[in-house]
Each structure stands twice: as structure tokens, then as C-alpha cells.
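Okay, structure first, notes after.
Throughout, residue positions are numbered sequentially from 1 according to the sequence presented.
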Amino acid sequence: MQYVKYKELTKEFKFSKAFNKDDLPGYIKHYILDNELILVAYKTDRDHGVFTDSKIVLFDSFNKNSKQIYTIPYRSISTISVTFEEDSGVLNLFLDCSYPVNLRFINMKPEDKIRLRILYTCISRIVSGQDLLKGDLDRLINDEIMKLKY
């Protein structure tokens, strides 16, 4: 039996805010296919994360001249969970290779928690082979989170 040691994906992404998909830097748009729908985009002080209807693309910037880019197709996720705390949340992903990926969302307001819950629901449905709920998809794509009553 052969064992493969996987390189740690990253120390941890701490996304601090969702931002307008129209404001994505040009280099990020190159990693999104024309037929993909961008559900939501997040950023940290220096990194970006883009969630589409088929994958997650993470941009890990080391400095001004160095970036590492990770693409995680939803089909490679075997388990997903979400954890909420007072002003933060974590998406916990386990890939088919049993590798864990943790994406932390910090400084969350109530609408940010709703957005993350809907994103989690969408990813969970994709991972389990179910159709996306049109209402959830529309809310994420059009950033209509505040129109929800919970």
C-alpha cells in the first residue's frame, strides 16, 4: 500500500467581507469560465476567494509579486459543514482525499451569516447531487440578502 503525503493547503483564509463581483480584479476573472455563475466573492486584506456554481477558487497572496492559486471543484468535496460563532463562521470541507480545508469568515454581521448559510446550502446541494434552489441562487448572485426575513 502506498501512502501519499498531502501538502497543507494554506494556513487559513480569514475572509473579512463579501464584495461586489463586478469589482473582481482582472486576473481573478481569468480563472472563472464563461459559463460559470459567480455566487459570491470574498476577500481578506490580501487574498480573495470566489465561489462559483461549480468550484471554489482561492487566491493566496504572499507578497506583491507572488500568489498561489487553488481550485477546489465541488465534486472533490466529500463532506461539508458550517460552524457559526458570535461574529464569525467557518466552512469546513473534507476533500475526497480526506484532506480538510477550513475557510473562516470573520467580523460577520447578521446579513453575512445569512449569506454564508445560503452559500453553505448551495454547496451542500451541489456536493450531494441535488438541484440548486432557484431562490437561494438568485439571492447570492444578485446579492439580495437583506430582502430576506429570518
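Counting only heavy atoms from C-beta outward, the side chains of L137 and L39 approach each other to under 4.5 Å. With contacts defined as side-chain heavy-atom distances shorter than 4.5 Å, the pair D143/R115 qualifies. Using a 4.5 Å cut-off on side-chain heavy atoms (C-beta onward), L95 and I72 make contact. Residues T83 and N92 are in side-chain contact: their nearest non-hydrogen atoms beyond the backbone lie under 4.5 Å apart. With contacts defined as side-chain heavy-atom distances shorter than 4.5 Å, the pair L58/D47 does not qualify. Within the 4.5 Å cutoff, the side chain of L93 has no heavy atoms near those of the Y99 side chain.
Tracing side-chain contacts under 4.5 Å through hydrophobic residues (I, L, V, M, F, W, Y), one never reaches I118 starting from L133; they form parts of separate clusters. Grouping the Ile, Leu, Val, Met, Phe, Trp and Tyr side chains by contacts below 4.5 angstrom, directly or via other members, places I141 apart from F19. A single hydrophobic cluster is not seen to contain both V127 and F94; linkage of ILVMFWY side chains at heavy-atom distances under 4.5 Å, directly or through other members, places them apart. Hydrophobic clustering (ILVMFWY, side-chain heavy atoms < 4.5 Å, transitive): L119 and I32 are in distinct clusters. Follow the hydrophobic side-chain contacts under 4.5 Å out from V82 and you reach I126 in the same cluster.
When atom types are taken as modelled, the side chain of N20 and the backbone of D22 share a donor-acceptor pair closer than 3.5 angstrom.
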Step by step, work out the ring-ring contact (aromatic ring centres under 6.0 Å, His included) result for F59 and Y70.
CA-CA 7 Å; F59 299 85; Y70 303 96; 9.6 Å; no
Give the intermediate values and the outcome of side chain to side chain contact (heavy atoms under 4.5 Å, CB included) for residues M108 and E85.
CA-CA 9 Å; M108 295 180 81; E85 296 169 2; over 6 Å; no
Would you sort out whether V90 and F84 count as a side chain to side chain contact (heavy atoms under 4.5 Å, CB included), showing the intermediate values?
CA-CA 7 Å; V90 180; F84 289 102; over 6 Å; no
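Rounding to the nearest 0.5 angstrom, the gap separating the CZ atom in R117 from the OG atom in S124 is 12.0 Å. Rounded to the nearest 0.5 Å, atoms CD1 (I106) and OG (S16) are 5.5 Å apart. Distance check: I77 CD1 to S128 OG gives 11.5 Å after rounding to the nearest 0.5 Å. Put simply, CD1 on I80 and CZ on R125 are 13.0 Å apart, with the number rounded to the nearest 0.5 Å. A distance of 11.0 Å separates OG of S54 from CD1 of I123, quoted to the nearest 0.5 Å.
Shortest non-hydrogen contact noted between K113 and E86 is NZ-O, 2.7 Å. Across all their heavy atoms, P73 and K55 have their closest contact at CA-CB, 3.9 Å. L24 approaches A41 most closely through the heavy-atom pair CD2-CB, 4.0 Å.
Using modelled atom types, one finds no donor on one side chain facing an acceptor on the other under 3.5 Å when comparing S76 with D96.
With V57 as reference, I69 is the one residue of I69, I28, I38 to meet the side-chain contact (heavy atoms from CB on, under 4.5 Å) rule.
Within 6.0 Å of atom OH in Y31, 12 or fewer heavy atoms from other residues, nucleotides or ligands are found, so the atom counts as exposed in its surroundings. Counting non-hydrogen atoms of other residues, nucleotides and ligands closer than 6.0 Å to CG of D131 gives a total of 12 or fewer. The environment of NZ in K17 is sparse: at most 12 heavy-atom neighbours from other residues, nucleotides or ligands sit within 6.0 Å.
Evaluation of the side chain to side chain donor-acceptor pair (under 3.5 Å) rule for D53 yields no partner, not counting sequence neighbours.
Here K109 does not pair with D112 in a salt bridge; the nearest charged N to carboxylate O distance is not below 4.0 Å.
Pairs passing the ring pair (Phe, Tyr, Trp, His ring centres under 6.0 Å) check and including a residue from residues 103-137, sequence neighbours excluded, read F15-F105, Y42-F105.
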